[in-house]
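A short worksheet on the structure shown next.
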2 protein chains.
Amino acid sequence: MKGYDPHAFEPFAVTVDLAVFTVRGGALNVLLIRRGQDPYAGAWALPGGFLLPRESAETAARRELAEETGLAEAVVAALHLEQLRTYSDPDRDPRMRVVSVAFAALVPDMPEPVAEGGGDAAQARWVPVGETGPLAFDHARILSDARSRIGAKLEYTCLATGFCPPEFTLGELQSVYETVWDTALDRPNFRRKVLATPGFVEAVPGAARLTGGRGKPAALYRAGPATALHPPLLRPTEGHAQ
Amino acid sequence: MKGYDPHAFEPFAVTVDLAVFTVRGGALNVLLIRRGQDPYAGAWALPGGFLLPRESAETAARRELAEETGLAEAVVAALHLEQLRTYSDPDRDPRMRVVSVAFAALVPDMPEPVAEGGGDAAQARWVPVGETGPLAFDHARILSDARSRIGAKLEYTCLATGFCPPEFTLGELQSVYETVWDTALDRPNFRRKVLATPGFVEAVPGAARLTGGRGKPAALYRAGPATALHPPLLRPTEGHAQ
DNA sequence: GCTGTTTATAGTCAACGTGACTATTAAAGA
DNA sequence: TCTTTAATAGTCACGTTGACTATAAACAGC
């Protein structure tokens with residue numbers, strides 16, 4: 001089955017689809033674009049597009065992300081981008097056979113809703129997950145898969161810092177967990193756990209942020225070199241004992 | 001970028017590649033086939049092949065698995081098959097642009113090395129991971145990714161039973177963990193943990209296997225309905241405290 | 001049969017992580 | 001100044017886990 005006779009295989013179109021998440025106003029938001037073209041014209045969809053002839057899926061995903069969000073290439077190159085899975089149902093696109101590699105990306109809360117790429121995608125905006133209406137193609141399914149993957153990975157990786165600006169307080173980090181998991185966490189316990197995990201966060205030498213907040217000023221932290229969380233930070237009320 | 005102008009995208013070939021694992025003789029083995037055709041002819045490779053026009057990647061993976069192993073369709077349909085990730089480097093195939101969706105599969109130790117599918121693949125055999133020489137394409141990378149994914153999933157899922165026959169002893173289950181992780185586990189502690197996890201295994205009503213073994217006969221268990229392991233069964237010596 | 005080996009199973013104990021709290025400190029707003 | 005809000009410090013009991021020891025039930029060899 002691995003012969004390379006040109007008639008032995010079917011040509012497919014290959015796309016990437018991106019579930020780009022951010023935490024905004026106490027809710028987990030996802031980036032959606034309004035489709036301007038034929039299948040599902042006018043519907044909201046995840047950003048994405050076709051692979052160029054010499055692009056890998058990851059390269060294409062970062063390119064699309066830069067185009068769609070208007071972020072600088074250097075910023076996009078540093079973002080957490082994770083391949084989710086590939087969707088290949090024969091009928092997932094009404095027109096033709098399209099195989100799509102889905103990615104999940106995490107970005108800190110961005111100043112403006114979003115810029116717009118070329119003249120192709122009509123609009124782009126942040127929408128709280130759960131308030132997205134029906135989406136084009138199987139994008140609701142992709143979004144659902146991405147959401148649960150991100151939630152699960154917060155348990156045993158350090159990627160929560162990907163939702164935070166370069167310097168952040170432990171309160172901000174905790175609210176990332178609380179927003180993604182949609183649960184409340186005990187503040188002292190969260191703090192104890194995060195600080196007890198070597199390399200998760202590291203204190204910024206001097207400074208404590210006074211201005212905006214209306215409580216005791218919090219210390220600032222940066223993301224540390226660790227990527228995994230051992231032992232994991234399990235979310236509560238997830239149908240398990242202890 | 002999501003227009004459907006037929007000239008807007010490049011056609012790709014799409015394949016599936018399978019990392020099929022089993023535990024044989026105290027080692028984790030992977031199923032390899034010897035390529036009979038042009039690119040990398042004579043080299044060992046993971047089984048796989050092109051998607052048929054109306055197949056999803058998962059359907060194609062199960063079809064290839066059945067063809068390559070000679071297992072009955074019903075058996076293949078019940079196996080644990082998990083999408084790993086998609087490999088899309090532009091140069092991963094020297095001939096053309098091929099995007100491959102990789103899967104990992106777990107099978108119990110099978111009686112015979114393996115049957116052979118059509119007349120296409122020259123040979124198929126089980127090889128201990130780590131004793132595979134160089135592999136065709138980027139299959140060494142895929143195998144490596146599959147191996148670490150399987151090892152990680154043993155920690156927080158119940159899929160270890162996928163390596164076991166329908167009825168098994170706790171000693172056999174433990175040796176699956178020990179083989180995949182390549183570490184020794186304390187037997188009483190392993191037993192306590194497995195039995196304390198509701199739905200992981202359930203005792204077979206009557207019977208204890210006496211024949212083959214040369215110690216006290218062990219009780220037989222079946223895989224239970226649970227799929228997740230909460231709290232996880234963390235592997236030791238993995239660079240973390242406790 | 002007896003004895004040693006092998007494996008399964010039972011049980012103990014201390015260390016650690018975690019959930020549930022309470023208390024204190026330091027800012028902003030009334 | 002007093003209240004409110006949030007950060008930080010600290011306590012305590014419980015459950016899980018790692019490291020052990022002990023017993024039971026088979027077989028192999030003498």
Side-chain angles (χ1 to χ4, degrees), chain A residues 26 154-156 164 167-178 181 183-198 200-204 206-221 228-242, chain B residues 26 154-156 164 167-178 181 183-198 200-204 206-221 228-242:
Chain A
L154 286 196
E155 289 192 325
Y156 56 96
C164 295
E167 297 190 345
F168 52 87
T169 68
L170 294 186
E172 290 169 340
L173 185 63
Q174 180 176 346
S175 73
V176 166
Y177 277 89
E178 292 179 324
W181 287 349
T183 51
L185 298 176
D186 181 81
R187 200 180 290 264
N189 290 344
F190 179 82
R191 172 189 192 75
R192 183 219 295 158
K193 173 70 181 176
V194 170
L195 294 180
T197 303
F200 190 2
V201 298
E202 45 195 30
V204 173
R209 146 227 210 195
L210 334 155
T211 44
R214 69 174 183 279
K216 178 176 174 177
L220 287 175
Y221 293 86
L229 221 48
H230 266 291
L233 173 47
L234 299 175
R235 65 186 123 178
T237 63
E238 189 62 33
H240 57 80
Q242 159 126 12
Chain B
L154 286 196
E155 291 191 324
Y156 57 95
C164 296
E167 298 189 345
F168 51 87
T169 69
L170 293 187
E172 290 170 339
L173 185 63
Q174 180 177 347
S175 73
V176 166
Y177 277 89
E178 293 179 325
W181 287 348
T183 51
L185 298 176
D186 180 81
R187 200 180 288 266
N189 290 343
F190 179 82
R191 171 187 192 77
R192 183 220 291 158
K193 173 70 181 176
V194 170
L195 295 179
T197 303
F200 190 1
V201 298
E202 45 194 31
V204 172
R209 146 226 210 194
L210 334 155
T211 45
R214 69 173 183 282
K216 176 175 173 177
L220 288 176
Y221 293 87
L229 221 49
H230 265 291
L233 175 47
L234 299 175
R235 67 186 121 179
T237 61
E238 187 61 34
H240 56 79
Q242 159 125 19

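None of the values given here were measured: they were computed from a predicted structure. Below, chain A is the first sequence line, B the second, and so on; all start at residue 1.
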Here's a test of your reading of the structure: between A/Asn189 and B/Asn189, which maps to the more 5' nucleotide of DNA chain D?
A/Asn189

Kindly compute the distance separating OH (A/Tyr221) from CG (A/Leu170), expressed to the nearest 0.5 Å.
4.5 Å

Considering all heavy atoms of both residues, which atom of B/Leu234 and which atom of A/His230 are nearest to each other, and what is their separation?
CD2-CE1, 4.2 Å

Do you know which two heavy atoms are closest between B/Leu220 and B/Glu167, and how far apart they sit?
CD1-OE1, 3.8 Å

Nearest-Å distance, CG (A/Leu173) to P (D/dA6)?
17 Å

Look at the side-chain N and O atoms of A/Lys193 and state whether any lies under 4.0 Å from the OP1 or OP2 oxygen of C/dT18.
yes

Taking C/dG19, C/dT9, D/dT16 as options, the one with an atom nearest any side-chain atom of B/Arg191 is C/dT9

Side chain to side chain contact (heavy atoms under 4.5 Å, CB included) for A/Phe200 and A/Leu173? Distances and angles first, verdict last.
CA-CA 11 Å; A/Phe200 190 2; A/Leu173 185 63; 4.2 Å; yes

When rounded to whole Å, the CG to C1' distance for the pair B/Leu220 and C/dT9 reads 15 Å

Would you say the side chain of B/Arg192 and the base of D/dG18 hold a donor-acceptor pair, judged only by whether the two atoms sit under 3.5 Å apart?
yes

Given atom CZ of B/Phe168 and atom P of C/dA8, what is their separation to the nearest angstrom?
14 Å

Validation row: A/Tyr177, A/Leu233 side chains within 4.5 angstrom (heavy atoms):
yes

B/Leu234 has an atom CG; how far is it from atom C1' of D/dG18, in whole Å?
13 Å

Do A/Pro236 and A/Leu185 have side chains that approach each other closer than 4.5 Å (heavy atoms only, starting at C-beta)?
yes

Taking every heavy atom of B/Arg187 against every heavy atom of B/Gly171, the minimum-distance pair comes out as NH1-CA, 3.4 Å

In whole angstroms, how far is the P atom of D/dA7 from the CG atom of A/Leu195?
13 Å

Pick out the pairs of N or O atoms, protein on one side and nucleotides 1-7 of chain C on the other, that lie under 3.5 Å.
residue: C/dT7; atom: O2; partner: B/Lys216; partner atom: N; Å: 3.1

For A/Gln174 and D/dT8, what is the distance between atoms CD and P respectively, to the nearest whole Å?
11 Å

Whole angstroms only, please: what is the CG-P distance between A/Asp186 and D/dC12?
17 Å

Length of the NE2-C1' vector between A/His230 and C/dG17, whole Å
15 Å

